[in-house]
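In what follows, a structure is listed as structure tokens, so that the remarks can point back to it.
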Amino acid sequence: HTEYLVMKAGSSSQKAEFDSYMKDIKEKSPEGWKWLNQLPPHQWTLAHDGGLRYGIMEIGTEALFAVYRSSPRITMTGGVMLLLDELRDAFHVSFKCSRRSLNRGGVYTEFVMDKLRKSVKDSASYVITPLEGDAFQVSKKKGRALMGKYEEEKECIVQLNDSTCTCGKFQMKKFPCLHALAVCKKMKIDHFQYVDDCYSAESYYKTYEATFSPVPELSAWPEASGVPTLFPPVIAPPPLKVSGRSQISKLNRIESTRT
């Protein structure tokens, strides 16, 4: 349970939510809470990193390392070779996708466009209230109540000039959240101006245009120096399980030898 709380604290987009999880961690594991407090928050939490991670806490590597599960007895050298092949294939697929977007004249990748279209549709259920300056209050319609009125919940404040929202996701991902998209739609503002350049098809293309050099034969690999030799761990064999009847027979034989 503590591990789950640490994961939730690190992936929280709001500082208040992060503080709440840290309070729960302190109650469940005081030692764990003390250890976490020794780490600078920006190094492991999204709420305090200023958007440096673009809202990404972990990378899905299951498909990448599936090659090891399919060949559990593969040698370390063979594993490295297969892993490089998997990386090369993954880069090639992403490169073709980004090139296809560029050839079609798209500013953003197909994935980003699909996400924006879905988010714009989902943002239609929000109510927008202009505040002072460039601020907008955004609340979600919960459902129809009596007399045809809506019940509202979870209000957020959007500042378009600062590209921020109190939900934390706008500034964390550098990508308009549902609240920001609702404001843009209401005010007839182009929401693409709030999408960071890292989501563009050109940036995507430049990321995956890197080429992989062929891996040379093992005999051509340079000798490693200063690297300790790793040996497999020594695992003691499990104790033999003796059934109750066999144990009694063994004790009887020992007693008979004594007499």
Side-chain angles (χ1 to χ4, degrees), residues 10-18 41-61 63 90-141 154-210:
S11 58
S12 297
S13 59
Q14 297 175 308
K15 294 181 180 179
E17 188 177 48
F18 166 78
H42 71 273
Q43 292 186 357
W44 68 282
T45 68
L46 294 179
H48 292 273
D49 76 344
L52 293 176
R53 296 180 178 85
Y54 288 83
I56 299 175
M57 278 296 289
E58 59 183 4
I59 301 175
T61 57
F91 265 65
H92 182 64
V93 171
S94 298
F95 176 74
K96 287 198 303 183
C97 177
S98 61
R99 184 173 56 186
R100 185 167 60 246
S101 297
L102 282 177
N103 291 338
R104 291 177 178 176
V107 179
Y108 300 98
T109 62
E110 297 173 8
F111 173 79
V112 171
M113 293 302 298
D114 289 341
K115 181 176 177 61
L116 276 172
R117 280 190 288 265
K118 182 180 183 304
S119 298
V120 169
K121 183 179 179 181
D122 293 340
S123 67
S125 60
Y126 287 89
V127 177
I128 312 301
T129 305
L131 302 177
E132 294 183 1
D134 189 53
F136 296 87
Q137 177 181 291
V138 184
S139 53
K140 185 174 177 59
K141 300 171 185 176
K154 198 169 184 178
E155 298 177 347
C156 289
I157 306 299
V158 175
Q159 293 271 4
L160 290 180
N161 282 345
D162 299 330
S163 296
T164 61
C165 178
T166 51
C167 75
K169 295 180 180 179
F170 194 2
Q171 57 269 32
M172 180 179 70
K173 297 183 178 180
K174 300 180 182 180
F175 190 91
C177 60
L178 291 178
H179 312 106
L181 288 172
V183 172
C184 290
K185 184 176 181 179
K186 175 71 174 180
M187 304 304 295
K188 295 180 172 56
I189 298 174
D190 182 14
H191 55 262
F192 285 105
Q193 62 182 301
Y194 302 107
V195 179
D196 193 87
D197 288 340
C198 76
Y199 297 103
S200 68
E202 184 177 358
S203 296
Y204 199 65
Y205 178 85
K206 290 180 179 179
T207 299
Y208 292 102
E209 69 176 348

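Keep in mind the model is a prediction, meaning the values are calculated, not measured. Nothing fancy with the numbering, it's 1 onward along the sequence.
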If I compare all heavy atoms of [X] with all of [Y], which pair ends up nearest, and what's the gap?
X      : Y      : answer
Leu46  : Ser12  : CB-O, 3.7 Å
Thr166 : Cys156 : OG1-CA, 3.2 Å
Ser200 : Thr109 : O-CG2, 4.4 Å
Lys185 : Val120 : NZ-O, 4.5 Å
Val158 : Cys165 : CG2-SG, 3.8 Å
Arg53  : His42  : NH1-O, 3.1 Å

Sidechain-backbone polar pair: [X] side chain, [Y] backbone, donor-acceptor under 3.5 Å:
X      : Y      : answer
Ser119 : Lys115 : yes
Asp162 : Thr164 : no
Asp134 : Leu160 : yes
Ser94  : Ala90  : yes

Under the side chain to side chain contact (heavy atoms under 4.5 Å, CB included) criterion, do Phe136 and Ile157 qualify, and how do the steps go?
CA-CA 6 Å; Phe136 296 87; Ile157 306 299; over 6 Å; no

Pairing donors with acceptors under 3.5 angstrom, does anything connect the side chains of Ser125 and Lys140?
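Their side chains do contain a donor-acceptor pair, which is all the 3.5 Å distance test asks for.
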
Polar contact flag, side-chain donor to acceptor under 3.5 angstrom, Ser98-Ser101
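There is no such pair between these side chains.
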
With a 6.0 Å cut-off on ring centres, are Phe192 and Tyr108 close enough?
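Between Tyr108 and Phe192, which both carry aromatic rings, the centre distance is below 6.0 Å.
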
May I ask you to check whether Phe95 and Tyr205 place their ring centers less than 6.0 Å from one another?
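For Phe95 and Tyr205, the ring centres are under 6.0 Å apart.
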
Go through the steps to decide whether Tyr194 and Ile189 satisfy the test side chain to side chain contact (heavy atoms under 4.5 Å, CB included), and finish with yes or no.
CA-CA 10 Å; Tyr194 302 107; Ile189 298 174; 4.1 Å; yes

Using 30° and 60° as the class limits, which term best fits the ring planes of Tyr208 and Phe91: parallel, tilted or perpendicular?
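Perpendicular.
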
Exceeds 12 heavy-atom contacts within 6.0 angstrom, atom CD of Glu202:
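Counting other residues, nucleotides and ligands, CD of Glu202 stays at 12 neighbours or fewer.
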
Atom NZ of Lys174 with >12 non-hydrogen neighbours under 6.0 angstrom
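Yes - once you tally the heavy atoms of other residues, nucleotides and ligands closer than 6.0 Å, there are more than 12.
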
Given the ring of Tyr54, does Lys173 sit roughly above its face, with NZ or CZ under 6.0 Å from the centre of the six-membered ring and within 45° of the axis?
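Ring-cation test returns no.
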
